[in-house]
2 protein chains.
Amino acid sequence: MNLPRRRSTGRITLSDVAAAAGVSPITASRALRGERGVAQELRERVQAAVQRLGYVPDPAARALASQHGSHVGVLIPMLSNALFVDLIEALQRVLRAAGYQPLIGLTHYDKSEEEHLLREQLMHRPAGLVVTGFDHSAGTRALMAQGAVPCVHVMETSDQPGVWSVGFSQREAAAALTRHLLARGHRRIAFVAAQLDPRTLQRLDGWRDEMQRHGLADPRLEWSNPAPSSLALGAQMLAQVMAQQPRVDAIFFCNDDLAQGALLAALRTGIRVPQDVAIAGFNDLPGSDQMVPALTTVRTPRERIGEAAAQMLLTLMRHGTPAQAAVDLGFEVVVRESA
Amino acid sequence: MNLPRRRSTGRITLSDVAAAAGVSPITASRALRGERGVAQELRERVQAAVQRLGYVPDPAARALASQHGSHVGVLIPMLSNALFVDLIEALQRVLRAAGYQPLIGLTHYDKSEEEHLLREQLMHRPAGLVVTGFDHSAGTRALMAQGAVPCVHVMETSDQPGVWSVGFSQREAAAALTRHLLARGHRRIAFVAAQLDPRTLQRLDGWRDEMQRHGLADPRLEWSNPAPSSLALGAQMLAQVMAQQPRVDAIFFCNDDLAQGALLAALRTGIRVPQDVAIAGFNDLPGSDQMVPALTTVRTPRERIGEAAAQMLLTLMRHGTPAQAAVDLGFEVVVRESA
DNA sequence: CTGAAAGCGCTTACAG
DNA sequence: CTGAAAGCGCTTACAG
């Protein structure tokens, strides 16, 4: 007599909940999303029905109807830098607790790869976006602007209007570490960089600021290698720098893995640290405190950056306004034995 | 006169493409998904229209209509073990190229957390699942069974019917490394474990097999600590083991980070490796080749596991049947200086 | 504060 | 090999 239901999935739907609660689907929807302006009593009836029926909302239907999904795109360079692992863990924890799924995209420090990933992310209509730093391709910037998706930048801060960020001053952190080296009496302090990503370049600036201020600047003290950062590369670059005349008395490696590799190479080749040369790193990655000698470095607050960025994004996604546009979480120079 | 369009999004839809190509939306849909049985000519007209209009399919609509999304859930213990970073990179690369988005869930080696994550993943109707190992809660197993979502297990293999897996024999790998230690003349070989996850336990079995076979088994040689693996823990456990009488002549650490920490602690405390005690690890993580002395370990094929698992899952998601149910990718004992 | 109707953009049976 | 109709499970304006 009546038409057969087609493609029925047997799923408990919002309508089932509404019927059980004796309200319209629309009111059930509003109650579920915690929208203001639903009578307390109806709200409770809906909650009870949800419990009773074991209702689970369908994210796909929600995304289609509301024009945005429940995931947030997270664009980071790579996971093999422990820094980003800590960041992701923290982001994941708070985003997840609020019902959002992080979708991780790995840019490999490549701007066009980043643009490609963003385009891919955007077609999934993310509710929000977390991106690393501010150095993006024109295409990426255009996509972010037109998308109108809430976005927070991490690792660096910016005072540009309309830009949300959580990070610290890479430049100041590098300057602070350089001042520590200077205070220890070092004069010929080399800066050794790999990867040459924007944050490495900012650290280079911070080092250069201090060296110039002390009249110690010398381009021969700047070393770099475009290869990705690794222990092996650190070992290789230590050898290069030490072969130079006149010798440097301290080396500031732009990342801890490089410094760890250098420390191990020093051990292997009989270079005494810090007597023959002092060595410092950046980020305080796992293992740096275990090195022989223990590595002097800068502790960067990536866990707190992850948390704060997630909180800020949550506020934005709920159409709120974060208290501050740029949150600077600082850093800490960790003095150990190597410098 | 005519009704105003409501909530129009201005998006180019499949209907627009179909109209431009002069076919029905349904045919356009079929052509787009590469479904068999669409005339070559229509297929081309649709493709041309897609290009011309810059059409991008809406994953949410697709997911709602087809009852499954375009992402695949990936459940791993954690990212701070470099092993899983390599696995994820590989999985990500091939899954992404095929149009799937990996959704990473971190279980922290906790079965109930895994179950919780899986429940969360499943409500998003993933197209497929990648899970680590076979040691799951009853709830997790039930969810995987009822979900009917294609699933491949990684890191271990199983010959159970209906189970798909890509990995290697953790037990045999540990046995092979133990045989190497034995061949070097070591007799009192300790096994030191952290974390005690299932794969660590399998390695313990492999070591025990060999020790028993040579009549060298001794429960006092088994050490473990439930804390997560780290360099600092390796240092601590080396001290514990070395304080024991009679002394061991070799230590097999269940993971490289533990062994790396032990190597550094030995350096700090004047223990000579391998003369006073030989040290071996497992996994060949970054930095192990740079240690002083360089760490002897087992190289595990996580990149190839990631690729093969992704390929297998792709086959499954396309309703195909993989050539093998269990793919064993082997391992390699890497003999360096420490043992 | 609440609801009836329409629609989000696809795909699934059912026909032919 | 191709298509008209219905439906996936939600939310958004529009009314009242």
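A note on names: the letters A, B, ... follow the listed sequences, proteins ahead of strands, and every chain is numbered from 1. Excluded from the calculations below are hydrogen atoms, water molecules and symmetry mates; all remaining heavy atoms, backbone and side chain alike, are included.
In this view, Ala127(B) and His68(B), Tyr100(B), Met317(B) satisfy the side chain to side chain contact (heavy atoms under 4.5 Å, CB included) rule, not counting sequence neighbours. Applying the side chain to side chain contact (heavy atoms under 4.5 Å, CB included) rule to Glu115(A) yields the partners Arg119(A), Ser137(A), Thr140(A), Leu143(A); only residues at least two apart in sequence or on another chain are considered. Not counting sequence neighbours, Arg304(A) has no partner by the side chain to side chain donor-acceptor pair (under 3.5 Å) test. Residues that satisfy the side chain to side chain contact (heavy atoms under 4.5 Å, CB included) test with Ala326(A), not counting sequence neighbours, are Thr157(A), Ser165(A). In this view, His136(B) and Glu114(B) satisfy the side chain to side chain donor-acceptor pair (under 3.5 Å) rule, not counting sequence neighbours. Taking Gln160(A) as the reference, nothing meets the side chain to side chain donor-acceptor pair (under 3.5 Å) condition, with sequence neighbours excluded. Under the rule for a side chain to side chain donor-acceptor pair (under 3.5 Å), Gln92(A) has no partner lying at least two apart in sequence or in another chain. Listed by chain and number, the residues in a side chain to side chain contact (heavy atoms under 4.5 Å, CB included) with Ile12(B) are Asp16(B), Leu53(B), Tyr55(B) (sequence neighbours excluded).
With pairs defined as Watson-Crick or G-U wobble and both atom distances under 3.5 Å, the stems of at least three pairs that touch DNA chain C come out as C:1-3 with D:14-16, C:5-12 with D:5-12, C:14-16 with D:1-3.
Among the nucleotides dC8(D), dT2(D), dC10(D), the one closest to the side chain of Gln67(B) is dC8(D). Among the nucleotides dT2(C), dT2(D), dT11(C), the one closest to any side-chain atom of Leu42(A) is dT2(C). For Ser66(A), the listed nucleotide lying nearest its side chain is dT11(D); candidates were dC10(D), dT11(D), dT2(C). For Thr13(B), the side-chain atoms get nearest to dG9(C) when compared with the rest of dT2(C), dG9(D), dG9(C).
Rounding to whole angstrom units, CZ of residue Arg11(B) and P of dG7(C) are separated by 18 Å. Spacing between atom CD of Glu44(A) and atom P of dC1(C) amounts to 15 Å, rounded to whole angstrom units. The CE-P distance, from Met123(A) to dC10(C), rounds to 10 Å in whole Å. The interatomic distance linking Arg125(A) (CZ) with dT11(D) (C1') rounds to 14 Å, in whole Å. In this structure, Leu64(A) places its CG atom 12 Å from P of dT12(D), rounding to the nearest Å. Atom CD in Glu41(A) sits about 13 Å away from atom C1' in dT2(C), given to the nearest Å. Atom-to-atom, NE2 of His124(A) to P of dG9(C) comes out at 16 Å; the value is rounded to the nearest Å. Going from atom CG of Leu14(B) over to atom P of dT11(C) covers 6 Å, rounded to whole Å.
For Arg43(B) against Val38(B), the heavy-atom pair with the smallest separation is NH2-O, 3.4 Å.
Both Gln40(A) and His68(B) lie close to DNA chain C; mapped to their nearest nucleotides by heavy-atom distance, the more 5′-ward contact belongs to Gln40(A).
A distance-only check finds no donor-acceptor pair linking the side chain of Arg93(A) to the backbone of Glu307(A) [under 3.5 Å].
Listed by residue number, the members of residues 52-60 of chain B with any heavy atom below 4.0 angstrom from DNA chain C are Tyr55(B), Val56(B), Pro57(B), Asp58(B). If you check residues 17-35 of chain A against DNA chain D, the residues with a heavy atom closer than 4.0 Å are Ile26(A), Ser29(A), Arg33(A), listed by number.
Remark: Glu41(A) engages Arg45(A) in a salt bridge, criterion side-chain N to carboxylate O under 4.0 Å.
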Donor-acceptor contacts, no H, no angles, side chain residues 75-86 of chain B, under 3.5 Å, sequence neighbours left out:
{"residue": "Asn81(B)", "atom": "OD1", "partner": "Leu83(B)", "partner atom": "N", "Å": "3.2"}
{"residue": "Asp86(B)", "atom": "OD2", "partner": "Arg302(B)", "partner atom": "NE", "Å": "3.0"}
{"residue": "Asp86(B)", "atom": "OD2", "partner": "Arg302(B)", "partner atom": "NH2", "Å": "3.3"}

